[in-house]
Amino acid sequence: MSLNWSHPLIPQRADPHLSLHDGRYWFTASVPGFDAIELRSAARIEDLPEAAPRIVWTRHAQGPASWHIWAPELHRVDGRWLIYFAGGERDDIWKIRMHVLENAHADPTQGEWIERGQIHTPLDDFALDATTFRHGGEQYLCWAEADRARQGKTNLYLATLANAWTLKSAPTLISEAVLPWERVGFAVNEGPAVLQRFGRVLVAYSAAATDANYCMGLVWADAQADLLDPSVWHKSPTPVFASANGQYGPGHNSFTTTLDGRTDLLVYHARSYRDIVGDPLHDPNRHARVQPFGWRADGLPDFGQPQPDGPVQAVDA
């Protein structure tokens, strides 16, 4: 197997989301200023660093989505492009909520991005990192949100959608930050990324503070189960991806494949140093990285460890 891109792939792009649609890769991520959403595209992953980024949306001057524009994801659903992202308010910067943009053009860097507004949830609290997937004839939304009745900062929820910006079902709690490694610095489950393989629906997520303690966990359910039943979800008792090989705080991942679909790829960010001066949120050097991963005999993914900087190494998938 020959993989040609370098590690890191794109510097200073946190919360990377890389997807493959109709033979073309699309990349978006949090930009260092947390003030806009950019897209870039290429026919090959190795060409993404040189692809010109296109700003498709900028934050408002005030009100909702005017501060802390975080973690955009680009999805193709029912022939339309969607961008899910989180944003706060200039006068209340931690009033983080989830928002949706929609574009009917075949090329998401063209056409008009229409603001569909906030995704309203029953908790109506600090909410972010929305992702969507289709399963069993339903479109689902998975996201992170705070619940003041529970310990911890954010936990993971799942619901079906009536449309891209409206919940259809009541949210189901599928993962709570209760394990010690999920609670270092902050008690956090966030950044869900969905993978459907081998008769399971798997959700990778990120946990702990956004410094070197940041790491990935995994929950999963049988594909035939009722995903809105919290009892069907199983959780790894240990992190599935953590700091190693000179890469610190790996997480907020997404998934894609090689062009031929034969190799699964893990997309994530990490820093190349452990110690951070000041608030980790203000350190811009979480770089986007992409590496292949394989599967264990029990049907669960084997992400291995973060690879060191340099050419990406192939694995036996």
Side-chain angles (χ1 to χ4, degrees), residues 12-17 28-39 53 55-75 82-102 113-132 141-157 159 161 164-167 171 177 185-193 205-211 214 249 251-254 269 276 278-286 288:
Q12 295 193 336
R13 290 298 181 271
D15 315 321
H17 188 262
T28 188
S30 298
V31 299
F34 299 143
D35 57 356
I37 296 174
E38 70 171 28
L39 301 178
I55 299 294
V56 298
W57 184 88
T58 56
R59 69 185 181 191
H60 295 169
Q62 59 187 7
S66 59
W67 205 260
H68 280 159
I69 305 305
W70 288 347
E73 291 196 4
L74 177 72
H75 293 269
L82 303 170
I83 292 177
Y84 289 91
F85 69 97
E89 300 188 12
R90 180 176 293 273
D91 296 327
D92 191 354
I93 64 173
W94 300 113
K95 190 178 180 180
I96 305 294
R97 298 295 188 270
M98 301 177 290
H99 299 265
V100 183
L101 307 173
E102 184 182 46
W113 281 100
I114 299 171
E115 296 191 24
R116 296 303 188 186
Q118 180 184 329
I119 301 173
H120 294 281
T121 65
L123 289 171
D124 189 28
D125 211 322
F126 186 95
L128 69 168
D129 297 347
T131 193
T132 190
L141 190 79
C142 190
W143 72 98
E145 188 166 8
D147 181 349
R148 300 184 188 192
R150 295 178 178 273
Q151 295 183 0
K153 189 172 183 181
T154 52
N155 303 301
L156 299 184
Y157 293 88
L161 288 169
W165 54 92
T166 307
L167 300 187
F186 292 103
V188 165
N189 281 184
E190 65 182 13
Y205 64 93
S206 297
T210 57
D211 54 18
Y214 206 53
H252 204 118
N253 76 291
S254 59
H269 70 230
I276 301 168
D279 188 338
L281 185 63
H282 300 144
D283 180 292
N285 294 315
R286 293 180 291 176

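Because only heavy atoms are used, hydrogens play no part in the values below, and waters and symmetry mates are left out as well, while side chains stay in.
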- Please step through side-chain contact (heavy atoms from CB on, under 4.5 Å) for the pair Leu123 and Arg148, ending with a clear verdict. CA-CA 9 Å; Leu123 289 171; Arg148 300 184 188 192; over 6 Å; no
- Task: Report the C-alpha distance between Ile83 and Val56 in whole Å, list the side-chain angles of each, state the deciding distance to 0.1 Å, and finish with yes or no for side-chain contact (heavy atoms from CB on, under 4.5 Å).
- Result: CA-CA 10 Å; Ile83 292 177; Val56 298; 4.0 Å; yes
- Query: Can Trp70 and Leu281 be said to form a side-chain contact (heavy atoms from CB on, under 4.5 Å), step by step?
  - Reply: CA-CA 11 Å; Trp70 288 347; Leu281 185 63; 4.0 Å; yes
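For the pair Thr210 and Glu190, the minimum side-chain heavy-atom distance is below 4.5 Å. Using a 4.5 Å heavy-atom threshold, the side chains of Asp35 and Ile69 count as separate. Contact check for Trp67 versus Arg59: side-chain heavy atoms found under the 4.5 Å cut-off. When side chains are defined from C-beta on, Pro192 counts as touching Asp129, because their heavy atoms get closer than 4.5 Å. Using a 4.5 Å cut-off on side-chain heavy atoms (C-beta onward), Trp143 and Ile119 make no contact. At a threshold of 4.5 Å between non-hydrogen side-chain atoms, the residues Leu101 and Ile37 count as touching. For the pair Arg13/Glu38, a side-chain contact is recorded, criterion being any heavy-atom separation below 4.5 Å from C-beta on. Side chains of His17 and His75 form a contact here, defined as non-hydrogen atoms less than 4.5 Å apart.
A distance of 8.0 Å separates CD of Gln118 from CE of Met98, quoted to the nearest 0.5 Å. To the nearest 0.5 Å, atom CG of residue Asp125 and atom CH2 of residue Trp94 are 14.0 Å apart. Atom OG1 in Thr28 sits 11.5 Å away from atom CH2 in Trp57 (nearest 0.5 Å). Summarising the geometry, atom NE2 belonging to His60 is positioned 8.5 Å from atom NE2 belonging to His99; distances are rounded to the nearest 0.5 Å.
Side-chain atoms of Ser30 come within 3.5 Å of backbone N or O of Ala71 as a donor-acceptor pair. Under a 3.5 Å cut-off, the side chain of Asn155 and the backbone N or O of Ala177 do form a donor-acceptor pair. Using a distance-only test at 3.5 Å, with no hydrogens or angles considered, a donor-acceptor pair links the side chain of His68 to the main chain of Ile93. Using a distance-only test at 3.5 Å, with no hydrogens or angles considered, no donor-acceptor pair links the side chain of Tyr157 to the main chain of Leu141. A donor-acceptor pair is defined here as one N or O able to donate and one able to accept, closer than 3.5 Å; such a pair exists between the side chain of His269 and the backbone of Asp15. A distance-only check finds no donor-acceptor pair linking the side chain of Thr154 to the backbone of Ala146 [under 3.5 Å]. A donor-acceptor distance shorter than 3.5 angstrom exists from the side chain of Arg90 to the backbone of Ala61, with no hydrogens or angles considered.
Defined by atom type and a distance below 3.5 Å, a donor-acceptor pair is present between the side-chain atoms of Thr121 and Glu145. Asn285 and Gln12 share a donor-acceptor pair across their side chains, judged by distance under 3.5 Å alone.
Shortest non-hydrogen contact noted between Ala193 and Asn253 is CB-O, 3.4 Å. Listed here is the closest heavy atom pair of Ala29 and Pro72: O-CG, 3.4 Å. Pro32 and Pro284 get closest at one heavy-atom pair: CB-CB, 4.3 Å. Annotation for Leu82 and Glu102: closest pair CD2-CG, 3.8 Å, computed over non-hydrogen atoms. Of all the heavy atoms in Tyr84 and Leu161, the pair that sits closest is OH-CD1, 3.9 Å. Of all the heavy atoms in Tyr214 and His252, the pair that sits closest is CE2-N, 3.8 Å.
Other residues, nucleotides and ligands contribute over 12 non-hydrogen atoms within 6.0 Å of the CZ atom of Phe126.
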